Amino acid sequence: DTEVTQTPKHLVMGMTNKKSLKCEQHMGHRAMYWYKQKAKKPPELMFVYSYEKLSINESVPSRFSPECPNSSLLNLHLHALQPEDSALYLCASSQENEAGEQFFGPGTRLTVL
Amino acid sequence: GNSVTQMEGPVTLSEEAFLTINCTYTATGYPSLFWYVQYPGEGLQLLLKATKADDKGSNKGFEATYRKETTSFHLEKGSVQVSDSAVYFCALNPYGFQKLVFGTGTRLLVSP
């Protein structure tokens with residue numbers, strides 16, 4: 001299995017809702033990432049988990065809360081989002097090796113009303 | 001600091017034309033270099049990579065060579081197809097870090 005899966009594919013939520021994005025990989029990778037991508041822009045790193053511990057938080061607002069229940073799963077909990085948070089949210093994973101290539105999932109298209 | 005500069009798009013070509021998308025980088029140390037492709041409505045797919053100077057990455061007819069002397073990693077394909085229409089991102093990973101640094105992306109449009 002060489003893919004990263006993400007659910008749901010699309011999500012529409014109101015500003016008072018609580019929702020979660022899920023990501024799963026079965027490649028034995030020990031690093032997992034959340035990115036946010038706005039239209040016509042490159043992905044922006046949000047969080048990095050390494051060996052199930054949060055290693056990088058790129059000063060993301062607290063309305064985004066990551067969680068890594070085990071080495072294969074990564075969640076992103078969403079609460080009290082703003083319309084400007086509407087974007088494509090991408091999950092990625094990687095080995096801890098010299099090349100450092102990351103493998104991306106298909107993304108969740110989030111719309112905040 | 002670490003940065004990647006890509007040519008502005010869109011790049012518009014006819015089918016079977018030769019493709020070059022320029023990418024130059026600034027980095028400390030010896031980064032790994034990547035090209036990712038993003039088709040409409042999808043995530044990023046790793047297209048090819050190179051981890052040291054003079055390495056050539058290749059995949060699906062695309063090639064790029066890690067040129068340390070010119071700090072470049074230009075993407076080339078000899079004959080593009082309509083199905084190659086997508087956004088192409090050049091990226092680097094500074095050795096020992098976990099942060100990909102992306103260029104701004106170049107949209108490629110191939111017409112029949």
Side-chain angles (χ1 to χ4, degrees), chain A residues 2-7 9-10 21 23-25 27 29-51 53-59 68 74 87-111, chain B residues 2-10 21 23 25 27-53 55-57 59 64 66 73 86-109:
Chain A
T2 58
E3 65 173 3
V4 177
T5 59
Q6 290 187 243
T7 55
K9 191 169 176 63
H10 300 278
L21 310 184
C23 174
E24 190 167 7
Q25 58 90 12
M27 295 179 278
H29 291 170
R30 303 314 298 264
M32 296 186 76
Y33 309 78
W34 280 115
Y35 287 85
K36 173 182 177 180
Q37 187 181 26
K38 300 285 274 185
K40 300 185 188 298
K41 298 289 187 183
E44 298 174 24
L45 183 65
M46 300 173 72
F47 303 103
V48 180
Y49 273 83
S50 181
Y51 292 89
K53 294 194 184 308
L54 183 65
S55 61
I56 296 176
N57 177 341
E58 292 286 279
S59 302
C68 189
L74 186 65
L88 181 68
Y89 288 84
L90 294 164
C91 174
S93 68
S94 73
Q95 295 276 24
E96 300 271 338
N97 64 17
E98 176 187 304
E101 68 266 43
Q102 296 179 19
F103 296 89
F104 286 80
T108 293
R109 175 73 60 190
L110 174 67
T111 302
Chain B
N2 300 301
S3 67
V4 174
T5 302
Q6 282 183 244
M7 60 190 294
E8 290 276 338
I21 300 179
C23 171
Y25 68 90
T28 53
Y30 302 95
S32 295
L33 301 174
F34 309 95
W35 277 100
Y36 284 87
V37 58
Q38 187 172 32
Y39 297 100
E42 297 185 11
L44 274 69
Q45 296 178 27
L46 179 63
L47 183 59
L48 52 84
K49 70 179 184 185
T51 59
K52 59 184 185 295
D55 265 2
K56 177 186 281 189
N59 186 24
Y66 190 142
F73 193 54
V87 178
Y88 293 81
F89 291 98
C90 184
L92 67 83
N93 190 346
Y95 184 80
F97 290 82
Q98 289 179 304
K99 298 177 69 168
L100 280 177
V101 177
F102 286 95
T104 53
T106 302
R107 181 173 299 277
L108 171 65
L109 299 170

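From a predicted model like this one, the values you see are computed outputs, not experimental measurements. Chain letters run A, B, ... following the sequence lines, proteins first, then strands; residues in each count from 1.
Glu101(A) and Phe34(B) make their closest contact through CB-CE2, 3.3 Å (heavy atoms, listed as atom of the first residue, atom of the second, distance). Gln38(B) and Leu88(A) make their closest contact through NE2-CD2, 3.8 Å (heavy atoms, listed as atom of the first residue, atom of the second, distance). A pairwise comparison of heavy atoms in Pro42(A) and Gly103(B) identifies CB-O, 3.3 Å as the closest pair.
Between Tyr36(B) and the choices Phe104(A), Tyr35(A), Phe103(A), the ring-ring contact (aromatic ring centres under 6.0 Å, His included) rule is met once, by Phe104(A).
The environment of NZ in Lys41(A) is sparse: at most 12 heavy-atom neighbours from other residues, nucleotides or ligands sit within 6.0 Å. For Tyr30(B), the OH atom sits in a loose shell: 12 or fewer heavy atoms of surrounding residues, nucleotides or ligands are nearer than 6.0 Å.
When each of Val87(B), Leu44(B), Thr104(B) is scored by its heavy-atom pairs under 4.5 Å with chain A, the top score falls to Leu44(B). The most heavy-atom pairs under 4.5 Å with chain B, out of Gly107(A), Ser94(A), Pro43(A), come from Pro43(A).
For a residue to count as touching a neighbouring chain, one of its non-hydrogen atoms must lie under 4.5 Å from one of that chain's; by this rule Leu46(B) touches chain A with the side chain only. In this structure, chain A has no heavy atom under 4.5 Å from any part of Gln45(B). Residue Glu44(A) does not touch chain B at all, counting heavy-atom pairs closer than 4.5 Å.
In this structure, CD on Gln37(A) lies 8.5 Å from CZ on Phe102(B), to the nearest 0.5 angstrom.
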